[in-house]
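In what follows, chains are A, B, ... by sequence order, proteins preceding strands, each numbered from 1.
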Protein chains: 2
Amino acid sequence: MYRKADLSPILEELDATDGLDGLQAVSAGLRDALSIDHIVYHWVDSAGDQYGCGTYPEDWIQRYIDKQYLRVDPVIVGCFQRFHPVDWKAVDWSGKAAREFLTDALDNGVGNQGYSIPVRGPSGQFALFTANHNCSDEEWSEFKEIYGHDLILIAHYFNRKALDFEENRAPQPVRALSPREVDALTFLALGYSRAQVAHSLSISEHTLRVYIESARFKLGALNTTHAIAKALSQGLIVM
Amino acid sequence: MYRKADLSPILEELDATDGLDGLQAVSAGLRDALSIDHIVYHWVDSAGDQYGCGTYPEDWIQRYIDKQYLRVDPVIVGCFQRFHPVDWKAVDWSGKAAREFLTDALDNGVGNQGYSIPVRGPSGQFALFTANHNCSDEEWSEFKEIYGHDLILIAHYFNRKALDFEENRAPQPVRALSPREVDALTFLALGYSRAQVAHSLSISEHTLRVYIESARFKLGALNTTHAIAKALSQGLIVM
DNA sequence: ATTACCCTCGCTATTTCTGGGGAGTGGAAA
DNA sequence: TTTCCACTCCCCAGAAATAGCGAGGGTAAT
């Protein structure tokens, strides 16, 4: 039924492109090459800002943002817990909000079938590359069978380009945490009290406090919990 | 100079395999197919436990663990901040510990050239798929040119298999957080004080405390900071 | 209809954290 | 050589979080 399209020109275009506008153009080309309804790349950074590119109707994108669907969308929620590609049929659509979201999406030009490839970035970014189409389950299986590998590769390219863009957009002025600061925050993240951390690091609690404060300052955090949350979501510490 | 090998049997084998032992076997097959020295898959979970598979000598693996090279290895450190493939030449080898590590690695059968593809998992896992070889820069560039795409795809398969293994190994008994608990932890992670969070959620501070406590309990956390760190690194809340 | 979980509110005492000071050493970079 | 930064130690007062108790209404599933 399907015949596999040659995607190498798309890959080359993707290689040569730059910025979100370029990715937008590639999305459209890819959609046409694959003969499906939509290709969407959606990106959420650690600050909760989202942007992306793709072929969804403007109306729907605006609606998605306005209604804060990010917090509802079961594809986002589901993918956030995984790291392999997810078919939309496989995510949890139970729950009132999710079903309402689905209805709204279908009413706004989104196809009923979807295949999303998630990626997590080093600073808490989260991106989703999605192929979307309106068709039967059988057709969709066939599509995935044929293009599954290519989609993974293309998603990878999108991520790379988007990250380059992100790095240019917001060059991180974060000064790295010192080793002791990392130690301190790490132990705190593990649930130790200041007294326990100080003991574990064999330093006085006062000294420990200096580290915590300086880490808080460097991270621009309002309090210790905030500092740890920031450090964690930016990959500066690991639990 | 190189001629591209047909990797489809490897992909099929990879598809059919199961568990770490299977991946180990595939690694060896892949190494042979690619005519390079080593293929290694290395996995670190949120608890800091590491395991993996590949063709590195046993001695070196043991040494890596014993000497806690995980915290020193510039490839790990570098990849942790990125999300696209990284050539070993591109990571930061300045610093005494890093140089000593390199010397030790080369002495233990590790090739001088490497290409590593990082992936972050939903629960703070971090995995690295690495191709390693001993050759000149020119040869290595050629290798990457030819097999770069395939490596990305294969890395993806490894990740998928490893995650399946991980999920079987440690089935998550976590009960989901309730919406209010998510709200509470999210605001706390953003640095708000309890009073501010209570006000933002339009509930009394006492009620808020109940949420925090029950979230703490569900997450098996020692204190609020711990709960937030766990929730964040398990992807239960987003900043 | 019972069970279970979610949401909401209350009190008190104790422990812990935060913010404001100041001071000295050593190492690495400019 | 100077300058910056990481690392270490100290005091105190006020603010915030924690532990322990208890209570009632709503909704959804069994």
Please check the phosphate of C:dC5 (OP1 and OP2 only) for any side-chain N or O of B:S178 closer than 4.0 Å.
->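 No, outside the criterion.
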May I ask you to verify if any side-chain N or O of B:K218 is less than 4.0 angstrom from the OP1 or OP2 atom of C:dC6?
->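 Answer is yes, contact under 4.0 Å.
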Can A:D183 and A:R180 be counted as an ion pair, charged N to O under 4.0 angstrom?
->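 Yes, charged N to carboxylate O under 4.0 Å.
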Taking DNA chain C as the partner, which of residues 204-215 of chain B come within under 4.0 angstrom of it by heavy atom?
->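 Under 4.0 Å from DNA chain C: B:S204, B:H206, B:T207, B:R209, B:V210, B:Y211.
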Qualifying residues under ring-ring contact (aromatic ring centres under 6.0 Å, His included), relative to A:H226, sequence neighbours excluded |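 Not a single residue meets the ring-ring contact (aromatic ring centres under 6.0 Å, His included) criterion with A:H226.
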How would you list, by chain and number, every residue that makes a ring-ring contact (aromatic ring centres under 6.0 Å, His included) with B:Y41, sequence neighbours excluded?
->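 Checked B:Y41 against ring-ring contact (aromatic ring centres under 6.0 Å, His included); matches are B:F158.
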Starting from [atom2] on [N], measure out to [atom1] on [X] and report it in whole angstrom.
X	N	atom1	atom2	value
A:N223	D:dA16	CG	P	11 Å
A:L222	D:dA16	CG	C1'	15 Å
A:Q196	C:dC17	CD	C1'	14 Å
B:F217	C:dC6	CZ	P	12 Å
B:L177	C:dC5	CG	C1'	14 Å

Is there a donor-acceptor contact under 3.5 Å from the side chain of A:N223 to the main chain of B:G191?
->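 Yes.
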All pairs passing ring pair (Phe, Tyr, Trp, His ring centres under 6.0 Å) where residues 179-202 of chain B contributes a residue, at least two apart =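 Sorted result for residues 179-202 of chain B: B:F187-B:Y192.
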Per A:R180 side chain, nearest of listed nucleotides C:dC17, D:dC7, C:dC9 |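 Nearest nucleotide to the side chain: D:dC7.
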5'-most by nearest nucleotide on DNA chain C - B:L201 or A:T225 =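 Closer to the 5' end of DNA chain C: B:L201.
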Got a sec, which residues hit side chain to side chain donor-acceptor pair (under 3.5 Å) with B:E205, two or more places apart in sequence or on another chain?
->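 B:E205 satisfies side chain to side chain donor-acceptor pair (under 3.5 Å) with no residue once adjacent residues are dropped.
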Can you measure from CG (B:L151) to OG1 (B:T130) and round to the nearest 0.5 angstrom?
->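 With rounding to 0.5 Å, CG (B:L151) is 10.0 Å from OG1 (B:T130).
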Take B:Y69 and B:W60 through the side-chain contact (heavy atoms from CB on, under 4.5 Å) test and state the conclusion after the steps.
-> CA-CA 11 Å; B:Y69 274 151; B:W60 171 239; 3.8 Å; yes
Which parts of nucleotides 25-30 of chain D does protein reach within less than 4.0 Å, heavy atoms only, written one letter per nucleotide 5' to 3' as B for base, S for sugar-phosphate only and - for none?
-> ------
Assert yes or no for the condition that the ring centre distance of B:H42 to B:Y51 is strictly below 6.0 Å.
->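 Here the rings of B:Y51 and B:H42 have centres that are no less than 6.0 Å from each other.
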